[in-house]
S.K.: 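Structure in structure tokens, see below.
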Amino acid sequence: DGTIYFTTNGSDARLPGGVISPTAQIYSAPISLPESTLVKARVFNGTNWSALSEAQFVVETFTSWTASYFTSNQLANPNISGATADPDEDGVTNEDEFTAGTNPQDEESCLHIEQIGFDSQANEFSFRFVVPARRNYLVEFRDSLANTNWNTLTNVSVSATSRTIEIFNPPAPDERYYRLTVPSQP
């Protein structure tokens, strides 16, 4: 029990003597971090403070992402490292590779469904795809092309490592359409 106080400026939420820092904020809902940030937090309960917890959150930008994939000479050439460039010629721009978490220098590294199957005994469809590290994807469906609304089948959460995911879903009575998307980031 208690109240969680946190800071995003690198200071402690507790000042000497146990006073709450004027820069401390009360945690009540998820927060958005627009840039890489050190968050420090403590729980305050009556007159007692918990131990200090801190975590460095790294927000990857397109600029930092390109710096990790391209040499300085390539970075100087927008036809290679620019947002609309496609250096691996896989039909996906660098900007979209950044969003999907794929490698812009490897044509095999792209957001796609690897395998689709149907198990007639279990009466279910399955599909498999690779989720890169630090990315989450949505698997969505709709039962008619006339319907413009997509329904979420599952949200594949973020993981520290790349992994292969297999999704199972019973077929719709007549037809069903699926898509794999990258959710908008805050």
Side-chain angles (χ1 to χ4, degrees), residues 4 6-8 10 25 27-43 50-71 74-75 81 83-119 122 124-142 149-172 176-186:
I4 300 172
F6 71 96
T7 63
T8 57
Q25 302 172 57
Y27 177 81
S28 59
I31 62 171
S32 179
L33 300 173
E35 61 188 21
S36 296
T37 306
L38 174 63
V39 176
K40 293 187 175 187
R42 291 180 186 266
V43 175
S50 70
L52 179 65
S53 294
E54 55 185 78
Q56 178 70 43
F57 293 89
V58 178
V59 177
E60 185 175 49
T61 64
F62 182 75
T63 302
S64 65
W65 177 83
T66 56
S68 68
Y69 282 103
F70 299 105
T71 66
Q74 291 171 325
L75 287 170
S81 62
T84 59
D86 180 14
D88 59 5
E89 298 179 346
D90 63 357
V92 181
T93 66
N94 286 338
E95 185 173 42
D96 288 340
E97 298 250 23
F98 164 69
T99 300
T102 55
N103 183 340
Q105 304 264 31
D106 178 1
E107 67 184 25
E108 295 297 316
S109 175
C110 59
L111 173 59
H112 66 280
I113 294 177
E114 291 185 336
Q115 181 180 359
I116 298 174
F118 179 72
D119 181 337
E124 64 185 5
F125 286 105
S126 65
F127 40 97
R128 185 171 51 218
F129 55 95
V130 174
V131 178
R134 302 180 317 278
R135 289 294 187 269
N136 68 304
Y137 289 160
L138 283 178
V139 179
E140 299 176 314
F141 72 92
R142 62 184 182 191
N149 295 325
W150 288 92
N151 301 297
T152 299
L153 177 62
T154 190
N155 182 358
V156 180
S157 60
V158 175
S159 174
T161 58
S162 295
R163 66 222 188 271
T164 300
I165 300 292
E166 191 162 14
I167 304 293
F168 297 92
N169 188 238
R176 179 158 285 170
Y177 303 89
Y178 297 93
R179 74 178 181 182
L180 182 59
T181 64
V182 179
S184 298
Q185 302 299 312

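As the structure is a prediction and not an experimental result, all values here were calculated from the model. No hydrogens, no waters, no symmetry mates; every other heavy atom, side chains included, goes into these values.
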S.K.: Side chains of Val39 and Leu33: closer than 4.5 Å at any heavy-atom pair?
M.R.: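 Yes; the side chains approach each other to less than 4.5 Å.
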S.K.: Compare every heavy atom of Asn149 with every heavy atom of Arg142, then report the nearest pair and how far apart it is.
M.R.: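 It is CB-O, 3.5 Å.
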S.K.: side-chain contact (heavy atoms from CB on, under 4.5 Å) for Asn136 and Val156? Distances and angles first, verdict last.
M.R.: CA-CA 5 Å; Asn136 68 304; Val156 180; 5.7 Å; no
S.K.: Is the CD atom of Gln56 crowded by more than 12 outside heavy atoms at less than 6.0 Å?
M.R.: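 It does: Gln56 CD has more than 12 such atoms within range.
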S.K.: Taking the side chain as everything from C-beta on, heavy atoms only, tell me whether Thr93 gets closer than 4.5 Å to Asp86.
M.R.: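 Sidechains of Asp86 and Thr93: no contact.
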S.K.: Can you see which heavy atom on Phe6 is nearest to which on Ala41, and at what distance?
M.R.: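 Closest approach of Phe6 to Ala41, heavy atoms only: CB-CB, 3.9 Å.
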S.K.: Just how far is it from atom OG1 of Thr66 to atom CD of Glu97, taken to the nearest 0.5 Å?
M.R.: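 Nearest 0.5 Å value for the OG1-CD distance: 13.0 Å.
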S.K.: Would you call the rings of Phe70 and Trp65 parallel, tilted or perpendicular, taking 30° and 60° as the class edges?
M.R.: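 Rings of Phe70 and Trp65: perpendicular, as their planes differ by over 60°.
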S.K.: Can you measure from OG (Ser64) to CZ (Phe98) and round to the nearest 0.5 angstrom?
M.R.: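 The OG atom of Ser64 sits 6.5 Å away from the CZ atom of Phe98.
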S.K.: Ser81 side chain to Gln74 main-chain N or O, any donor-acceptor pair under 3.5 Å?
M.R.: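 Yes; judged by distance alone, with no hydrogens or angles, the pair exists.
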S.K.: Do Asn94 and Tyr69 have side-chain atoms, one donor and one acceptor, less than 3.5 Å apart?
M.R.: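 There is no such pair between these side chains.
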S.K.: Using 30° and 60° as the class boundaries, would you call the ring planes of Phe125 and Phe118 parallel, tilted or perpendicular?
M.R.: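 Tilted: the ring planes of Phe125 and Phe118 meet at 30° to 60°.
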S.K.: Can you list everything that forms a side chain to side chain contact (heavy atoms under 4.5 Å, CB included) with Ser109? Sequence neighbours excluded, please.
M.R.: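 Side chain to side chain contact (heavy atoms under 4.5 Å, CB included) list for Ser109, sorted by chain: Thr102, Asn103, Asp106.
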S.K.: Can you name the nearest heavy-atom pair linking Val139 to Ile167, along with the distance?
M.R.: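 So the two residues come closest at CG2-CG1, 4.3 Å.
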S.K.: Above 12 or not: heavy atoms from other molecules or residues under 6.0 Å from CD of Glu95?
M.R.: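 Check fails, neighbour count at 12 or below.
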S.K.: Minimum heavy-atom separation for Asn169 and Arg176, please, with both atom names.
M.R.: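 It is OD1-NH1, 2.8 Å.
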S.K.: Can you tell me if Arg134 has over 12 outside heavy atoms packed within less than 6.0 Å of its CZ?
M.R.: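 Result for CZ/Arg134: open.
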S.K.: Please report the closest heavy-atom contact between Val130 and Tyr137, naming both atoms and the distance.
M.R.: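 The answer is O-CE1, 3.8 Å.
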S.K.: Measure the CG-CZ distance between Leu138 and Arg179 for me, rounded to the nearest 0.5 Å.
M.R.: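 It is 9.0 Å, given to the nearest 0.5 Å.
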S.K.: In the structure I gave you, are the side-chain heavy atoms of Arg163 and Val131 within less than 4.5 Å of one another anywhere?
M.R.: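 Side chain of Arg163 against side chain of Val131, heavy atoms only: contact under 4.5 Å found.
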S.K.: Give a yes or no answer on whether the side chain of Lys40 reaches the backbone of Gly10 with a donor-acceptor pair at less than 3.5 Å.
M.R.: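 A pair under 3.5 Å: yes.
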S.K.: Quick one: CD1 on Ile165 to CD1 on Ile113, what's the gap to the nearest 0.5 Å?
M.R.: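 Interatomic distance, Ile165 CD1 to Ile113 CD1, rounded to 0.5 Å: 12.5 Å.
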S.K.: If you round to the nearest 0.5 Å, how far is CZ of Phe62 from OG1 of Thr99?
M.R.: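 Interatomic distance, Thr99 OG1 to Phe62 CZ, rounded to 0.5 Å: 9.0 Å.
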S.K.: Work out which heavy atom in Ser162 is nearest to a heavy atom in Pro132; give both atom names and the distance.
M.R.: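 Minimum heavy-atom contact is OG-CA, 3.5 Å.
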